[in-house]
**Student:** 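Got a structure here, written out as structure tokens. Questions coming.
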Amino acid sequence: QVQPVESGGGLVQIEDSLRLSCSASERSFRETAMGWFRQSPGKEREFVGAISADGGNTYYTASVKGRFAISRDNIKDVVYLRLNVLKLEDTAVYFCAPGRWATLLTGRVDFDSWGPGTRVTVSS
């Protein structure tokens with residue numbers, strides 16, 4: 001199973017941009033759709049968006065559509081989440097996870113080896 005590692009989080013201000021990375025060493029990484037999720041303080045983990053294995057398709061939850069962008073580099077085995085026009089409510093720990101594309105389109109993922117994620121804090 002792909003075991004991803006997230007990085008790139010930090011403290012930013014409202015309307016700033018940030019790029020998160022998700023990498024894995026498994027060869028199957030480039031054959032796997034990937035999802036981004038986040039968990040805000042006191043809330044359940046929620047779906048942010050997903051990208052298909054070949055990078056040709058992306059899907060986003062409504063609250064981030066138009067502001068966030070997912071891309072991937074299957075040569076470097078990295079998936080990126082570009083966060084633009086950040087809002088206070090984007091403050092969260094961000095996670096990535098491998099999954100079936102059809103399942104990710106429902107906002108869910110069958111994955112239970114969550115890592116520590118990467119923290120994004122948006123301040124005013």
Side-chain angles (χ1 to χ4, degrees):
Q1 186 180 39
V2 173
Q3 186 58 56
V5 177
E6 305 90 350
S7 63
L11 174 63
V12 294
Q13 295 190 322
I14 292 175
E15 298 190 355
D16 276 354
S17 297
L18 199 62
R19 190 180 75 168
L20 308 183
S21 299
C22 168
S23 61
S25 59
E26 292 82 359
R27 290 186 62 185
S28 59
F29 180 84
R30 61 193 64 177
E31 301 170 358
T32 305
M34 296 295 293
W36 280 97
F37 297 78
R38 67 184 180 185
Q39 187 166 18
S40 302
K43 295 186 177 181
E44 296 289 320
R45 183 155 35 215
E46 65 173 354
F47 173 79
V48 174
I51 188 166
S52 59
D54 65 0
N57 294 284
T58 53
Y59 176 71
Y60 303 93
T61 193
S63 62
V64 308
K65 193 173 184 179
R67 295 192 300 122
F68 291 8
I70 301 174
S71 61
R72 68 190 299 163
D73 184 335
N74 280 347
I75 294 177
K76 296 181 179 179
D77 290 337
V78 181
V79 172
Y80 301 103
L81 175 63
R82 179 74 177 182
L83 298 77
N84 297 312
V85 196
L86 281 160
K87 304 177 180 181
L88 291 175
E89 52 264 40
D90 295 320
T91 293
V93 178
Y94 285 73
F95 306 86
C96 59
R100 296 168 60 91
W101 180 241
T103 303
L104 288 167
L105 289 179
T106 68
R108 297 181 295 110
V109 68
D110 295 323
F111 182 73
D112 57 7
S113 298
W114 299 95
T118 186
R119 183 178 299 275
V120 175
T121 302
V122 184
S123 70
S124 56

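Quick caveat: nothing in here was measured; it's all calculated off a predicted structure. Reckoned from all heavy atoms, side chains included, excluding hydrogens, waters and symmetry mates.
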**Student:** Please list all pairs passing the disulfide bond (SG atoms under 2.5 Å apart) test where one or both residues lie in residues 86-124, with sequence neighbours left out.
**Tutor:** Cys22-Cys96
**Student:** Could you check if a side-chain atom of Leu20 sits within less than 4.5 angstrom of a side-chain atom of Arg38, using non-hydrogen atoms only?
**Tutor:** no
**Student:** Checking the side chain of Ser21 only, and the main-chain atoms of Gly8 only, is there a donor and an acceptor separated by less than 3.5 Å?
**Tutor:** no
**Student:** With sequence neighbours left out, write down each residue that passes ring-ring contact (aromatic ring centres under 6.0 Å, His included) with Trp101, or none if nothing qualifies.
**Tutor:** none
**Student:** Below 4.5 Å, heavy atoms only, C-beta onward: do Ile14 and Leu88 meet side chain to side chain?
**Tutor:** yes
**Student:** Which pair of non-hydrogen atoms, one from Thr118 and one from Gly9, has the smallest distance, and what is that distance?
**Tutor:** OG1-N, 2.8 Å
**Student:** Indicate yes or no for a side-chain donor-acceptor contact from Glu6 to the backbone of Gly115 under 3.5 Å, with no hydrogens or angles considered.
**Tutor:** no
**Student:** Taking only residues two or more places apart in sequence, or in another chain, which ones meet Ser25 in a side chain to side chain contact (heavy atoms under 4.5 Å, CB included)?
**Tutor:** none
**Student:** Is there a donor-acceptor pair under 3.5 Å between the side chain of Arg82 and the backbone N or O of Ser17?
**Tutor:** no
**Student:** Provide the closest heavy-atom pair for Arg72 versus Asp54 in the form atom of the first, atom of the second, distance.
**Tutor:** CD-C, 4.5 Å
**Student:** Tyr60 side chain to Ile70 main-chain N or O, any donor-acceptor pair under 3.5 Å?
**Tutor:** yes
**Student:** Between Thr121 (side chain only) and Thr91 (backbone N and O only), is there a donor and an acceptor less than 3.5 Å apart?
**Tutor:** no
**Student:** Can you find a heavy atom in the side chain of Leu83 that is under 4.5 Å from one in the side chain of Arg67?
**Tutor:** no
**Student:** Atom OG1 in Thr58, atom CG in Leu104: separation rounded to 0.5 Å?
**Tutor:** 12.0 Å
**Student:** Phe47: which residues meet the ring-ring contact (aromatic ring centres under 6.0 Å, His included) condition with it, sequence neighbours left out?
**Tutor:** Phe37, Tyr59
**Student:** Quick one: hydrophobic cluster around Val78, which other residues, with the 4.5 Å side-chain cut-off, linked directly or via members?
**Tutor:** Tyr80
**Student:** Would you mind listing every ring pair (Phe, Tyr, Trp, His ring centres under 6.0 Å) that reaches into residues 4-30, with sequence neighbours excluded?
**Tutor:** none
**Student:** Taking all non-hydrogen atoms of both residues into account, name the closest pair between Leu81 and Phe68 and its distance.
**Tutor:** CD1-CB, 4.1 Å
